[in-house]
Trainee: 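Take a look at the following structure, please.
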Amino acid sequence: MPNVALIAGPVIDLASAASALADALGLQVVSAGNVFREHVQQQTPLGEEANAYMQAGQLVTDELMARAVAGALTGVDGGWVLYGFPRTIRQAELLTRSGHVPDTVIELVLPEDQFHLAVQRRVERRMELDPQVAVRRQELLLTYAHAQENHQAQMEPLRAYYRGRGLLQTVSGFGDLQDVAARMIPIASQGRRRP
(Lines give C-alpha, C1' and ligand atoms only; values in the text may rest on other atoms or scores of the structure.)
Protein backbone atom coordinates (compact mmCIF):
# COMPACT_ATOMS: atom_id res chain seq x y z
CA MET A 1 0.00 0.00 0.00
CA PRO A 2 1.35 3.46 -0.84
CA ASN A 3 2.15 6.16 1.68
CA VAL A 4 1.21 9.60 0.37
CA ALA A 5 1.72 13.12 1.73
CA LEU A 6 -0.57 15.86 0.40
CA ILE A 7 0.23 19.57 0.35
CA ALA A 8 -1.86 22.41 -1.07
CA GLY A 9 -2.55 26.12 -0.99
CA PRO A 10 -5.10 28.01 1.11
CA VAL A 11 -8.34 27.48 -0.84
CA ILE A 12 -8.03 23.77 -1.57
CA ASP A 13 -9.99 21.47 0.73
CA LEU A 14 -7.11 19.20 1.66
CA ALA A 15 -9.10 17.18 4.21
CA SER A 16 -11.72 16.19 1.65
CA ALA A 17 -9.09 15.47 -1.01
CA ALA A 18 -7.20 13.23 1.44
CA SER A 19 -10.40 11.37 2.32
CA ALA A 20 -11.34 10.89 -1.33
CA LEU A 21 -7.89 9.49 -2.16
CA ALA A 22 -7.84 7.27 0.93
CA ASP A 23 -11.31 5.88 0.17
CA ALA A 24 -10.34 5.10 -3.41
CA LEU A 25 -7.16 3.22 -2.48
CA GLY A 26 -8.09 1.77 0.90
CA LEU A 27 -5.65 3.96 2.83
CA GLN A 28 -5.94 5.63 6.23
CA VAL A 29 -6.08 9.40 6.52
CA VAL A 30 -3.74 10.98 9.07
CA SER A 31 -4.35 14.68 9.77
CA ALA A 32 -1.56 16.34 11.74
CA GLY A 33 -4.06 18.78 13.22
CA ASN A 34 -6.41 16.02 14.36
CA VAL A 35 -3.52 14.04 15.83
CA PHE A 36 -2.56 17.02 17.96
CA ARG A 37 -6.10 17.79 19.06
CA GLU A 38 -6.56 14.19 20.18
CA HIS A 39 -3.35 14.27 22.22
CA VAL A 40 -4.39 17.55 23.89
CA GLN A 41 -7.98 16.40 24.54
CA GLN A 42 -6.87 13.05 25.95
CA GLN A 43 -4.19 14.79 28.04
CA THR A 44 -1.47 12.39 26.96
CA PRO A 45 2.10 13.29 28.00
CA LEU A 46 2.70 14.55 24.46
CA GLY A 47 -0.56 16.52 24.58
CA GLU A 48 0.36 18.11 27.89
CA GLU A 49 3.77 19.06 26.52
CA ALA A 50 2.12 20.62 23.44
CA ASN A 51 -0.45 22.36 25.63
CA ALA A 52 2.32 23.96 27.70
CA TYR A 53 3.70 25.59 24.54
CA MET A 54 0.25 26.77 23.44
CA GLN A 55 -0.63 28.16 26.90
CA ALA A 56 2.62 30.13 26.80
CA GLY A 57 1.62 31.55 23.41
CA GLN A 58 4.42 29.68 21.65
CA LEU A 59 4.41 27.46 18.60
CA VAL A 60 4.69 23.74 19.21
CA THR A 61 8.19 22.61 18.23
CA ASP A 62 8.84 20.71 15.01
CA GLU A 63 10.30 17.86 17.07
CA LEU A 64 7.11 17.49 19.11
CA MET A 65 4.95 17.65 15.99
CA ALA A 66 7.11 15.03 14.30
CA ARG A 67 6.81 12.72 17.33
CA ALA A 68 3.02 13.04 17.31
CA VAL A 69 2.73 12.42 13.57
CA ALA A 70 5.23 9.55 13.62
CA GLY A 71 3.28 7.92 16.45
CA ALA A 72 0.07 8.16 14.45
CA LEU A 73 1.70 6.76 11.30
CA THR A 74 3.21 3.87 13.27
CA GLY A 75 -0.32 2.88 14.27
CA VAL A 76 -1.52 2.65 10.66
CA ASP A 77 -2.08 -0.85 9.34
CA GLY A 78 -1.40 -0.49 5.62
CA GLY A 79 -0.81 2.70 3.65
CA TRP A 80 -1.62 6.25 4.66
CA VAL A 81 -2.51 9.68 3.33
CA LEU A 82 -0.92 12.39 5.48
CA TYR A 83 -1.82 16.07 5.34
CA GLY A 84 -0.96 19.11 7.45
CA PHE A 85 2.60 17.87 7.90
CA PRO A 86 5.33 18.40 6.82
CA ARG A 87 5.24 22.09 5.97
CA THR A 88 8.97 22.81 6.16
CA ILE A 89 12.21 21.07 5.26
CA ARG A 90 12.98 20.64 8.96
CA GLN A 91 9.68 18.82 9.46
CA ALA A 92 10.32 16.68 6.37
CA GLU A 93 13.75 15.72 7.72
CA LEU A 94 12.29 14.79 11.11
CA LEU A 95 9.62 12.70 9.40
CA THR A 96 12.34 10.90 7.42
CA ARG A 97 14.38 10.28 10.56
CA SER A 98 11.33 8.76 12.22
CA GLY A 99 11.26 6.18 9.42
CA HIS A 100 8.12 7.52 7.75
CA VAL A 101 9.09 8.64 4.27
CA PRO A 102 6.17 9.13 1.88
CA ASP A 103 6.36 7.17 -1.37
CA THR A 104 4.86 10.16 -3.13
CA VAL A 105 4.23 13.79 -2.23
CA ILE A 106 1.33 15.25 -4.19
CA GLU A 107 0.85 19.00 -4.31
CA LEU A 108 -2.61 20.11 -5.36
CA VAL A 109 -2.18 23.33 -7.32
CA LEU A 110 -4.38 25.93 -8.96
CA PRO A 111 -3.35 28.13 -11.89
CA GLU A 112 -3.92 31.81 -11.12
CA ASP A 113 -7.27 32.08 -12.94
CA GLN A 114 -8.62 28.97 -11.20
CA PHE A 115 -7.30 30.21 -7.86
CA HIS A 116 -9.23 33.49 -8.25
CA LEU A 117 -12.36 31.59 -9.26
CA ALA A 118 -12.02 29.25 -6.26
CA VAL A 119 -11.53 32.23 -3.93
CA GLN A 120 -14.62 33.98 -5.33
CA ARG A 121 -16.68 30.80 -4.84
CA ARG A 122 -15.47 30.42 -1.27
CA VAL A 123 -16.22 34.07 -0.41
CA GLU A 124 -19.67 33.81 -2.03
CA ARG A 125 -20.37 30.64 -0.01
CA ARG A 126 -19.43 32.50 3.18
CA MET A 127 -21.73 35.38 2.17
CA GLU A 128 -24.63 32.94 1.69
CA LEU A 129 -24.07 31.55 5.18
CA ASP A 130 -23.60 34.97 6.75
CA PRO A 131 -24.93 37.97 4.77
CA GLN A 132 -22.93 40.33 7.01
CA VAL A 133 -19.77 38.99 5.39
CA ALA A 134 -20.76 40.86 2.21
CA VAL A 135 -19.40 44.15 3.60
CA ARG A 136 -15.99 42.44 3.97
CA ARG A 137 -15.98 40.84 0.52
CA GLN A 138 -13.00 42.80 -0.87
CA GLU A 139 -11.05 42.35 2.36
CA LEU A 140 -11.59 38.57 2.20
CA LEU A 141 -10.49 38.41 -1.43
CA LEU A 142 -7.28 40.27 -0.55
CA THR A 143 -6.71 38.04 2.49
CA TYR A 144 -6.85 34.91 0.33
CA ALA A 145 -4.55 36.46 -2.28
CA HIS A 146 -2.04 37.34 0.44
CA ALA A 147 -2.29 33.84 1.95
CA GLN A 148 -1.56 32.33 -1.47
CA GLU A 149 1.54 34.51 -1.92
CA ASN A 150 2.82 33.48 1.52
CA HIS A 151 2.08 29.83 0.80
CA GLN A 152 4.04 29.90 -2.44
CA ALA A 153 7.08 31.44 -0.76
CA GLN A 154 6.96 29.14 2.27
CA MET A 155 6.40 25.94 0.30
CA GLU A 156 9.10 26.37 -2.34
CA PRO A 157 11.93 25.00 -0.13
CA LEU A 158 9.78 21.96 0.76
CA ARG A 159 8.93 21.44 -2.90
CA ALA A 160 12.63 21.56 -3.78
CA TYR A 161 13.42 19.08 -0.98
CA TYR A 162 10.96 16.49 -2.27
CA ARG A 163 11.60 17.29 -5.94
CA GLY A 164 15.28 16.55 -5.37
CA ARG A 165 14.34 13.12 -4.03
CA GLY A 166 12.09 12.37 -6.98
CA LEU A 167 8.96 12.27 -4.81
CA LEU A 168 7.06 15.45 -5.74
CA GLN A 169 4.15 15.34 -8.17
CA THR A 170 1.73 18.17 -8.92
CA VAL A 171 -1.94 17.71 -9.70
CA SER A 172 -4.65 20.24 -10.47
CA GLY A 173 -6.79 20.79 -7.39
CA PHE A 174 -9.58 22.41 -9.41
CA GLY A 175 -12.98 20.81 -9.79
CA ASP A 176 -15.09 18.50 -7.70
CA LEU A 177 -13.55 15.94 -5.36
CA GLN A 178 -14.13 13.01 -7.70
CA ASP A 179 -12.17 14.75 -10.45
CA VAL A 180 -9.34 15.70 -8.11
CA ALA A 181 -9.20 12.16 -6.67
CA ALA A 182 -9.22 10.66 -10.17
CA ARG A 183 -6.11 12.70 -11.02
CA MET A 184 -4.33 11.67 -7.81
CA ILE A 185 -5.11 7.92 -7.85
CA PRO A 186 -2.72 6.84 -10.65
CA ILE A 187 0.11 8.93 -9.18
CA ALA A 188 -0.39 7.56 -5.68
CA SER A 189 -0.67 4.00 -7.02
CA GLN A 190 2.62 4.32 -8.90
CA GLY A 191 4.32 5.57 -5.74
CA ARG A 192 4.08 2.22 -3.97
CA ARG A 193 6.91 1.46 -1.62
CA ARG A 194 10.26 1.20 -3.25
CA PRO A 195 12.55 -1.67 -2.18
Trainee: Are Leu64 and Met54 connected, step by step, through hydrophobic side chains (Ile, Leu, Val, Met, Phe, Trp, Tyr) whose heavy atoms are closer than 4.5 Å?
Mentor: yes
Trainee: Carefully, step by step, assess Thr96 and Val101 under the rule side-chain contact (heavy atoms from CB on, under 4.5 Å).
Mentor: CA-CA 5 Å; Thr96 298; Val101 180; 3.7 Å; yes
Trainee: Evaluate the criterion side-chain contact (heavy atoms from CB on, under 4.5 Å) for residue pair Asp103 and Gln190; output intermediate values, then yes/no.
Mentor: CA-CA 9 Å; Asp103 301 309; Gln190 290 170 5; over 6 Å; no
Trainee: Are any side-chain N or O atoms of Arg67 and backbone N or O atoms of Leu46, one a donor and one an acceptor, separated by less than 3.5 Å?
Mentor: no
Trainee: Working to the nearest 0.5 Å, report the span between CH2 of Trp80 and CG of Asn3.
Mentor: 4.5 Å
Trainee: Of all heavy-atom pairs between Leu21 and Ala188, which one has the smallest distance, and what is that distance?
Mentor: CD1-CB, 4.1 Å
Trainee: Is it true that atom CG of Asp77 has more than 12 heavy atoms of other residues, nucleotides or ligands lying nearer than 6.0 Å?
Mentor: no
Trainee: Would you say the side-chain atoms of Gln91 pair up with the backbone N or O of Arg87, donor to acceptor, closer than 3.5 Å?
Mentor: yes
Trainee: Does Val40 belong to the same Ile/Leu/Val/Met/Phe/Trp/Tyr cluster as Tyr53, with side-chain heavy atoms less than 4.5 Å apart forming each link?
Mentor: yes
Trainee: Check the pair Leu6, Met184 against side-chain contact (heavy atoms from CB on, under 4.5 Å), reporting the backbone distance first and the verdict last.
Mentor: CA-CA 10 Å; Leu6 295 185; Met184 291 191 293; 3.9 Å; yes
Trainee: Can you measure from CD (Gln42) to CD (Glu48) and round to the nearest 0.5 angstrom?
Mentor: 12.0 Å
Trainee: Please name the pair of heavy atoms, one in Ala66 and one in Phe85, separated by the smallest distance, quoted to 0.1 Å.
Mentor: CA-CZ, 3.7 Å
Trainee: Treating Ile, Leu, Val, Met, Phe, Trp and Tyr as nodes and any side-chain heavy-atom pair under 4.5 angstrom as an edge, say whether Ile187 and Val109 lie in one connected cluster.
Mentor: no
Trainee: I'd like to know if the side chain of Ser16 and the backbone of Asp13 have a donor-acceptor N/O pair within less than 3.5 Å.
Mentor: no
Trainee: Working to the nearest 0.5 Å, report the span between CZ of Arg183 and CD1 of Ile106.
Mentor: 11.5 Å
Trainee: Got a second to check how far Thr61's OG1 is from Met65's CE, nearest 0.5 Å?
Mentor: 8.5 Å
Trainee: Looking at Ile7, Val171, Ile12, Leu158, which hits side chain to side chain contact (heavy atoms under 4.5 Å, CB included) with Glu107?
Mentor: Ile7
Trainee: Within this structure, what is the CD-CG distance for the pair Gln169 and Leu108, rounded to the nearest 0.5 Å?
Mentor: 12.0 Å
Trainee: Nearest 0.5 angstrom please: Leu14 CG to Ser31 OG, how far?
Mentor: 9.0 Å
Trainee: Would you please test Glu63 and Arg97 for salt bridge (charged side-chain N to carboxylate O under 4.0 Å, His left out) and show each step?
Mentor: CA-CA 11 Å; Glu63 288 77 10; Arg97 280 187 215 155; over 6 Å; no
Trainee: Regarding Arg159 and the six-membered ring of Tyr161, is the cationic atom NZ or CZ under 6.0 Å from the ring centre and inside 45° of its axis?
Mentor: no
Trainee: Hey, are Glu156 and Arg163 close enough for a salt bridge, meaning a charged N less than 4.0 Å from a carboxylate O?
Mentor: yes
Trainee: Return the minimal non-hydrogen interatomic distance between Val60 and Ala50, and the atom names on each side.
Mentor: CG2-O, 4.0 Å
Trainee: Can you name the closest pair of heavy atoms from Ala18 and Val29 and give their distance?
Mentor: O-CG2, 3.6 Å
Trainee: State plainly whether one hydrophobic cluster holds both Leu177 and Val81, where clusters connect Ile, Leu, Val, Met, Phe, Trp and Tyr through side-chain heavy atoms under 4.5 angstrom apart.
Mentor: no
Trainee: Take Ser172 and Val180 through the test side-chain contact (heavy atoms from CB on, under 4.5 Å) and record every step on the way to the result.
Mentor: CA-CA 7 Å; Ser172 170; Val180 174; over 6 Å; no
Trainee: For Pro102 versus Leu95, what's the shortest heavy-atom pair and its separation?
Mentor: CD-CD2, 4.4 Å
Trainee: Same cluster or not: Leu94 versus Leu82, using hydrophobic residues (I, L, V, M, F, W, Y) connected whenever any side-chain heavy atoms lie under 4.5 Å apart?
Mentor: no
